[in-house]
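Below: the structure, in C-alpha cells.
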Amino acid sequence: MTTIEDVADVTTEVKIEMQRRMLRIRHFDLRAIEVQARGLMPGSVHTSIGHEAAIVGACMAVNTDDYMTGYHRSHGHPIGKGSKLGPLFAELLGRADGVCGGKGGSMHLADFSVGSLGESGIVAGSIPVAVGAGLSAKMQKNGRVALCFFGDGAANAGPFHESLNLAAIWKTPTIFFCENNGFAVSFSAKEAMAIEDIADRAAGYGMPGVIVDGQDILAVHSVVTEAVDRGRSGLGPTLVEAKTYRFREHSELMRMAVGYQYRPVEEVQEWEQRDPIVLLADRLLQEGSVTEKELQDLEDEVAAEVEVAVQFALDSPFPDPSEAFENIYASPIPVRGVTR
Ligand SMILES: Cc1ncc(C[n+]2csc(CCOP(=O)(O)OP(=O)(O)O)c2C)c(N)n1
C-alpha cells in the first residue's frame, strides 16, 4: 500500500484547491440526495460520499484536456476535473441546460469541456472507451492520457480484462483507476475474488499495478502523477487500485430488507473515522497552512456555490419534445466516399 507522509511538491495552494473540489463533490451529492427525495430527479442517485480523495487526487494529476471516463457513481469525476456545477446539476434533473441537454441524467453524464467522454450505467461499459481514447491520443500524438474510473465489481467483468489486455499490447496512455469500496451493491469483493488485491491482476496483462490509500488525497495524487508520466512518455497503461469506502448505501433508492446487514455497523463507523475531507483538513491545520475559520469559510463558500447550481438547475426548462432525437446520434461519417 502506497502512503506518503510528506509530499513536498504539492503546494498549499494546490492542497486548498483539493479541499475545495472534495467539498464540492460532498455538497453536490448531499443536495442531489435531497432533491431526489423531493421527487424532482428521475431515477436513483449513486453518491461518491467517502470517495472524494480518490477522485480529486486522480483528477488533479491530469490536465483539463486529458480524457476521462466514469461509471454509474460519477457526479464527482467531472467536478474533480473542474466542471461547472450548474449544468451538471441540471443534467441530473433532465433539464435543457444540462451538460447533455438533459438526455444523459445522473448515470450518463458527459462534459466535453473538461475531457469527460461519458459514464455508463452498464457496469464496466466505459472501460473500453478509455482504451479507445488512449489509442486516439497515441495515434494523434497529442500527449493526452485517458483516466478511466470504475468500481471493484467492474474489475470482475469481461470488458475490464479485455481492455487491460488491449491497452497493454498497444501501450495506450490509459490509467485504469479502480475505486475499490469493497462492495458491488451488497456483494463483498472478498467473496467475489479469490485474490485480495485487484492491482495484482495488472501483472497478468504486463503493466504496473499499484495499491494506494484512497482516503489519502496526496498519496493518490502522487501515484496517479507517476502513472500519467508513464503514459505520456509512451510506456503504456497502469492499473491503480484505491482502497476506499462509500459512506452511503449503494444508491439512494436501495432499501435493504430488514435484518439484512451486509456491512457491519462497526466497519462503516471505522471507515467514517477516515473521512477524506477531515483528513486533509487536519493535515492543513497541522501544517499551519490554514485556520479553522478559513476552512469553515471555504466550506460555506462551496455550499453557497452548490446552492446556486441547484437553483440554476431547478430554473432550467425541460427539453422541448421536438428535440428528442437531437444530440443522440453522431454526425454522419463518410465511409469509403459514401455518407450514411
Ligand atoms: C453489466 C451490468 N451488470 C449488472 C448491473 C447492475 N449493477 C449496477 S451497479 C452494480 C455494482 C457495481 O459495483 P462496483 O463496480 O464495485 O461499483 P460501486 O457501485 O461499488 O461503486 C451492479 C451489479 C449493471 N448495471 N450492469
Side-chain angles (χ1 to χ4, degrees), residues 22 25-26 28-29 32-33 36 42-59 68-80 92 104-109 116 118-130 147-164 175-201 209 211-212 214-215 220 239-257 260-264 267-268 271-272 276:
M22 287 201 290
I25 296 174
R26 176 75 52 101
F28 186 97
D29 270 350
I33 292 167
Q36 196 244 7
S44 192
V45 173
H46 304 76
T47 69
S48 294
I49 296 174
H51 289 216
E52 293 93 342
I55 296 170
V56 176
C59 286
M68 178 177 75
T69 60
Y71 58 114
H72 55 275
R73 192 180 303 290
S74 271
H75 307 155
H77 300 114
I79 297 175
L92 266 52
S106 163
M107 283 194 272
H108 296 93
L109 294 168
S116 149
E119 309 170 348
S120 177
I122 306 297
V123 169
S126 52
I127 304 179
V129 176
L147 179 57
C148 171
F149 290 101
F150 55 93
D152 46 282
N156 293 324
F160 166 85
H161 297 275
E162 296 171 45
S163 298
L164 265 70
I175 297 98
F176 297 99
F177 190 95
C178 180
E179 290 165 58
N180 183 354
N181 60 22
F183 291 88
V185 190
S186 58
F187 194 25
S188 163
K190 287 193 172 68
E191 291 170 54
M193 302 191 306
I195 56 172
E196 184 76 19
D197 301 311
I198 291 163
D200 285 351
R201 292 181 171 167
I211 301 171
V212 66
Q215 308 310 90
V220 173
L239 171 61
V240 177
E241 177 186 3
K243 305 278 192 188
T244 185
Y245 207 75
R246 59 173 160 71
F247 292 173
R248 306 275 310 182
E249 268 310 341
H250 169 75
S251 81
E252 296 303 315
L253 285 183
M254 190 170 135
R255 302 276 179 269
M256 299 307 292
Y260 184 69
Q261 186 61 51
Y262 69 96
R263 299 195 302 183
E267 180 181 296
V268 179
W271 277 93
E272 280 172 348

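As the structure is a prediction and not an experimental result, all values here were calculated from the model. What you see below is based on every heavy atom in this structure, not just the backbone, and it leaves out hydrogens, waters and symmetry mates. Order of appearance sets the numbers: ligands from 1, and atoms from 1 within every ligand. Count residues from 1 along the sequence.
Each of the atoms 18 (P), 20 (O), 21 (O) of ligand 1 lies under 4.0 Å from some heavy atom of N181. Proximity to H250 (heavy-atom distance under 4.0 Å) selects the following atoms of ligand 1: 9 (S), 19 (O).
Residue, atom and distance of the protein heavy atom nearest to atom 15 (O) of ligand 1 are A154 N, 3.0 Å. Counting only heavy atoms of the protein, atom 20 (O) of ligand 1 lies nearest to F183 O, 2.8 Å. Nearest protein heavy-atom contact of atom 12 (C) of ligand 1 is H72 CE1, 3.7 Å. Protein heavy atom in closest approach to atom 11 (C) of ligand 1: V185 CG2, 3.7 Å. For atom 14 (P) of ligand 1, the closest heavy atom belonging to the protein is G153 N, 3.4 Å.
Residue Y71 places a heavy atom less than 4.0 Å from ligand 1.
At a heavy-atom cutoff of 4.0 Å, ligand 1 is contacted by no atom of H46, backbone or side chain. Neither the backbone nor the side chain of E179 comes within 4.0 Å of ligand 1, counting heavy atoms alone.
Annotation: side chain of W271 is in contact with side chain of Q215 (closest heavy-atom distance under 4.5 Å). E119 is not listed as a side-chain neighbour of T69, based on a closest heavy-atom distance of 4.5 Å or more. Taking the side chain as every heavy atom from C-beta outward, K243 and D197 approach each other to under 4.5 Å. Under the 4.5 Å side-chain criterion, counting only non-hydrogen atoms from C-beta, S48 is not in contact with H75. Counting heavy atoms from C-beta on, the side chains of C59 and M68 come closer than 4.5 Å. Between F183 and Y245, some side-chain heavy-atom pair lies under the 4.5 Å cut-off. Side chains of C148 and F177 form no contact here, defined as non-hydrogen atoms less than 4.5 Å apart.
Between atom CZ of residue R248 and atom CZ of residue R73 there is a gap of 11.5 Å, rounded to the nearest 0.5 Å.
Looking at ligand 1, you'll find an N or O of G121 within less than 3.5 Å of one of its N or O atoms.
Across the listed options D152, V123, T47, N180, V123 owns the non-hydrogen atom lying nearest to atom 3 (N) of ligand 1. Comparing R73, M107, R246 against atom 18 (P) of ligand 1, the shortest heavy-atom distance belongs to R73.
Less than 6.0 angstrom separates the ring centroid of H72 from the ring centroid of H250.
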